[in-house]
Amino acid sequence: MTRPILQAKDLHVAFNGVKAADGVSMEVRDGEFLAIIGPNGSGKTTLLNICTGYIRPKSGRVQLDGQDITQLSPRAIARRGVARAFQIPQLFSAQRVIDNMMLALAAKRGLWSAVRPLETAARREEAKALLELVGLADDSERISSTLPEGHRKLLDIAVALALKPRLLLLDEPTSGVSALERFQLMEALMGALRHQQITALFVEHDMEVVARYASRVLVWNAGNIMAEGLPDKVFSNAEVRERVVGVA
Amino acid sequence: MRMILAAAAVLILAALPVFAPWLQFVLTLAIAKGFAALGVAVLLRAGLISIGHAMFFAASAYGVAFLARAGVNDFAVLLILSVLTAALFGAVAGAFLVRYRAIFFAMLNLAVSMVFYALCAKLYGVTGGTDGMAVPIPGIFGVVLAEPAFKSVLFYLSLTLMVLVGFAVHRYLNSPLGHALSAVHTNEIRLEYLGIPVWAVLLIAYVVSAALAGLGGAIAGFAIGRVVPEFAFWTASGHLVLIAVLGGIGGVPGAFLGALFLELLHSAAVTVTDAWNLIVGVALIIVIMFMPQGFYGLLSRKEASSL
Ligand SMILES: Nc1ncnc2c1ncn2[C@@H]1O[C@H](COP(=O)(O)OP(=O)(O)OP(=O)(O)O)[C@@H](O)[C@H]1O
Ligand SMILES: [Mg+2]
């Protein structure tokens, strides 16, 4: 078995009595494409929030490469090579699409230049390539707030990819993306992950996407993991079919 | 196209005092306030409104007066040291203020500047109280000029600095740091997740804006020949915000356009009527209602449609 990149140990978090994480322990292994499925409100986004330092668990620990990151800020964790695409896209909505990308690229290095322009030929090229990858090549000059919701999702993913992370956390990457573009996106994404050797975790509601792309699946229910395994095995579990997949 | 427009505007400004000498003082003051308003506009990019920037304007002018009293008599040295004084004030105040947003940021800037104002007004023994302090005519590379000659030098130097500093600020706003600054306005969460320290981005902007206000203050001090606590009063800060909004936060020329407009309007209004505040108020209403991008928006919109 390959070594784990990210490990969560016995996480507990509650919001007004609702247990969003109720003793969660899990790990993301090097090179895998781990899917998290589960009903609405079962704590999937909360896990990502804890793992990226956005919220602190009441108890439990998160480790990146064996180092404790539980108390670190999102910024510090991002600096360690973890990028996130959000369930609700987090964009610089007043800026152009290409500027969102170039700022993300600059964030990786070179932000501290106050005299050289953000827009350099090389950076624009690189930004364009990523936009092309997610299918936004035609939108690059648009102000991001004018994009349709599905395209905002795509941009959010492209921004995360621009950080060239080792670990990418994707919160429902295909939600809001049209059925037509969904598999194009996944194919492009898988290609990029393989090519750049990025490990990824993705929360997903589309079972077809999970079945086709995930290398392993965690099934969430009421703040904890109720099943885990290869997609085939998980989908044949009667309880999972009833609670999560929605077919008995 | 925009370069030609800007160059023409600067040339016209440079020529104006030749035909109307009384304009020289008005224009010098307008440029001085333009620098300070540009400082306010820099912060506006991040969605932060400072109603206290007159403090840095005044701090720098007092800096000149104190240094002159201490025997420093070189124009360049005075200018540089006073701008550094304002930047230092900005670094200290900014370290505390950039943690706040929206109305809290605006009000805390106001509060800090009012404390400064009160100190300037009350510490009679040090600052001369409400009488203020004199800003003597300095030497320029060892040469002491007569007042009219010095005022001319001051005007043309201000004009040159307007172009140079304006260009530098333009570069800054187009740099990754400048874009990160605008991004603070739209999405701090994403900035954090990009690994960008928001507070550092804001602190740099705050120091830059304080230095700009300081440069304006030093020029104003030299032009007027005196610094008084009123330099730091909250209405002066309000004026800077007004100019920044008038000019539009889109670009560097806006701040100077706004300042020119207001100063010229002011000198026209006081000679014709004393309804100065009424005129300014009405002008502002018209700008906000019909030109939400300010004067600069008017220019850049033309530019965009001519493409
Ligand atoms: N910041 C918060 N404050 C209060 N309650 C919260 C907060 N974040 C999450 N919750 C609650 O915690 C529970 C888990 O939420 P979470 O967003 O993690 O679910 P999810 O599995 O991502 O759901 P979905 O599929 O709808 O995205 C929900 O009941 C939610 O209302
Ligand atoms: Mg969620």
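From a predicted model like this one, the values you see are computed outputs, not experimental measurements. In the text below, chain A, chain B and the rest are named by the order of the sequence lines, each starting its count at 1.
In the model, B/His179 has no side-chain atom that pairs as donor or acceptor with a side-chain atom of B/Ser182 under 3.5 Å. Residues A/Arg84 and A/Asn49 bring a donor and an acceptor atom of their side chains to less than 3.5 Å of each other. Checking B/Asn109 against B/His53 by side-chain atom types alone, no donor-acceptor pair falls below 3.5 Å.
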Kindly indicate, with the supporting measurements, whether the criterion side-chain contact (heavy atoms from CB on, under 4.5 Å) is fulfilled by A/Val159 and A/Leu130. CA-CA 9 Å; A/Val159 165; A/Leu130 280 165; over 6 Å; no

Step-by-step side chain to side chain donor-acceptor pair (under 3.5 Å) determination, A/Thr174 to A/Asp206: CA-CA 8 Å; A/Thr174 69; A/Asp206 186 324; 5.0 Å; no

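Residue A/Asn100 does not touch chain B at all, counting heavy-atom pairs closer than 4.5 Å. Contacts between A/Leu91 and chain B at a heavy-atom distance below 4.5 Å involve the backbone alone (N, CA, C, O). Residue B/Leu191 touches chain A through both its backbone and its side chain, counting heavy-atom pairs closer than 4.5 Å. Proximity to chain A (any heavy atom under 4.5 Å) is shown, for B/Ile196, by both the backbone and the side chain. Heavy atoms of A/Ser145 lying under 4.5 Å from chain B are absent altogether.
The choice from A/Ala76, A/Ala83, A/Pro117 that makes the most heavy-atom pairs within less than 4.5 Å of chain B is A/Pro117.
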